[in-house]
Protein chains: 2
Amino acid sequence: MRNEPEDILERNNLKKTATRIAVLDIFSKTKIPLDAKTVWSKLKKGKCAKGANEVTVYRTLSVFEEERILKRVDLRKDSVYFELKTEHHHHIVCTKCDTVEDFENLEIEKVLARIATKSSKFINIKDHSLELFGLCKTCN
Amino acid sequence: MRNEPEDILERNNLKKTATRIAVLDIFSKTKIPLDAKTVWSKLKKGKCAKGANEVTVYRTLSVFEEERILKRVDLRKDSVYFELKTEHHHHIVCTKCDTVEDFENLEIEKVLARIATKSSKFINIKDHSLELFGLCKTCN
DNA sequence: TTGAATGCAAATCGTTTGCATCTCA
DNA sequence: TGAGATGCAAACGATTTGCATTCAA
């Protein structure tokens with residue numbers, strides 16, 4: 001399965017527009033969670049024709065989230081961050097600068113699955129967020 | 001160590017005002033995360049003199065967060081939720097209704113502590129968030 | 001008394017919506 | 001061609017700020 005922006009859009013029955021392709025490009029190059037403002041400013045700087053509209057960015061992110069191309073990430077910031085939905089992983093976030101480190105851990109997933117079965121009120125757990133917060137070596 | 005609203009305020013060198021006491025009361029009775037709007041409406045309904053101002057609620061929550069009396073919780077809602085900073089625990093949140101279930105799990109804390117030591121970019125991890133999202137038995 | 005806390009109005013910020021126009025398929 | 005995508009202006013909701021007033025200590 002190819003993962004070029006065009007392929008992703010094709011696969012999800014989305015029209016291949018310049019903005020959408022550019023947004024996917026940005027996410028795949030950046031590799032860290034981004035919010036609408038950041039994507040928008042990257043679009044403006046980037047070679048994307050015309051520079052795209054801020055509202056279109058919001059709409060694009062929203063569509064990508066619905067199509068599960070992007071995944072929302074909870075970083076305790078004032079705006080909503082997204083990242084490409086690739087392998088399941090979590091983040092360590094520097095509360096001072098914007099450094100983000102990814103990590104994955106099978107053990108945690110197992111424990112969470114077990115917790116899910118123990119819940120008294122929930123029967124259908126679909127997702128979870130797990131992020132660590134602290135100071136990176138530079139900011140510490 | 002007593003934990004009446006007055007004691008908490010005293011301990012944190014905060015003036016004991018009617019609104020602050022009422023807000024702490026609400027949090028200790030409710031036991032689930034609350035956002036500013038909810039606290040405000042509870043204040044209005046409650047016996048709190050005058051009913052307090054919405055802005056004051058925001059300021060109160062903010063002060064309590066700074067003083068670490070309250071802890072911010074990320075529930076993927078449109079507003080910011082807080083809860084009393086008591087024992088460390090996590091949440092299972094219904095994405096349809098407002099049901100929230102608490103859970104704690106020592107095993108996870110251990111694994112996270114180990115992950116923290118393995119990080120290449122971070123040296124000082126202070127906190128983490130872990131919330132599960134799904135549908136409760138009623139909404140499922 | 002006095003600095004901190006509150007109330008009110010207005011500003012700000014992130015995000016959404018209505019509608020006319022444009023563009024991919 | 002026609003449904004979906006975009007742009008622009010305006011609306012919106014959550015949160016913050018400036019400033020005058022009130023209140024706990």
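By convention in this document, chain letters (A, B, ...) are assigned in the order of the sequence lines, proteins followed by strands, and residues within each chain are numbered from 1.
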Response to the item:
Rounded to whole Å, the CG-C1' distance (B:N12 to C:dA4) equals 16 Å

Fill in: Passing option when A:K16 is tested against A:E6, A:E10, A:E4 for salt bridge (charged side-chain N to carboxylate O under 4.0 Å, His left out)
A:E10

Fill in: Spacing between B:L24 atom CG and C:dA5 atom P, to the nearest angstrom
14 Å

Discussion item. In this structure, how many angstroms lie between the C1' atom of D:dG13 and the CH2 atom of B:W40, rounded?
Written reply: 13 Å

Worksheet item: Would you say C:dG7 has OP1 or OP2 under 4.0 Å from some side-chain N or O of B:T56?
Response: yes

Response to the item:
Whole-Å distance, B:R20 CZ to C:dT6 C1', equals 10 Å

Item to complete: Kindly indicate whether the side chain of B:R59 and the base of C:dG7 share any N or O donor-acceptor pair separated by less than 3.5 Å?
Response: yes

Worksheet item: Nearest of D:dT15, D:dT6, C:dA5 to any side-chain atom of B:S79?
Response: D:dT15

Worksheet item: Does A:F27 have A:K29 sitting over its ring (NZ/CZ under 6.0 Å from centre, angle to axis within 45°)?
Response: no

Worksheet item: Separation of B:K15 atom NZ from C:dG3 atom P, in whole Å?
Response: 10 Å

Fill in: For atom CD1 of A:I21 and atom C1' of D:dT6, their distance in whole Å
15 Å

Worksheet item: Just how far, in rounded Å, is P of D:dG13 from NZ of B:K77?
Response: 18 Å

Discussion item. Taking the side chain as everything from C-beta on, heavy atoms only, tell me whether A:V93 gets closer than 4.5 Å to A:T99.
Written reply: no

Worksheet item: A:E6 has an atom CD; how far is it from atom P of C:dA25, in whole Å?
Response: 10 Å

Practice prompt. Taking all non-hydrogen atoms of both residues into account, name the closest pair between B:K137 and A:S119 and its distance.
Written response: NZ-O, 4.5 Å

Worksheet item: Taking only side-chain nitrogens and oxygens of A:Y58, does any of them come within less than 4.0 Å of OP1 or OP2 of C:dT16?
Response: no

Fill in: Sidechain N-carboxylate O distance under 4.0 Å for A:D127, B:R76
yes

Discussion item. At less than 4.0 Å, is any side-chain N or O atom of B:T17 found next to OP1 or OP2 of D:dA24? Yes or no.
Written reply: no

Discussion item. I'd like to know if B:R114 pairs up with A:E107 as an ion pair, taking the criterion as any Lys NZ or Arg NE/NH1/NH2 lying under 4.0 Å from an Asp or Glu carboxylate oxygen.
Written reply: yes

Worksheet item: Which class fits the ring pair A:H128 and A:H88: parallel under 30°, tilted 30 to 60°, perpendicular over 60°?
Response: perpendicular

Response to the item:
Ordered by number, residues from residues 67-76 of chain B within less than 4.0 Å of DNA chain C (heavy atoms) are none

Discussion item. Side-chain N or O of B:K37 versus OP1/OP2 of D:dA14: is the shortest distance under 4.0 Å?
Written reply: yes

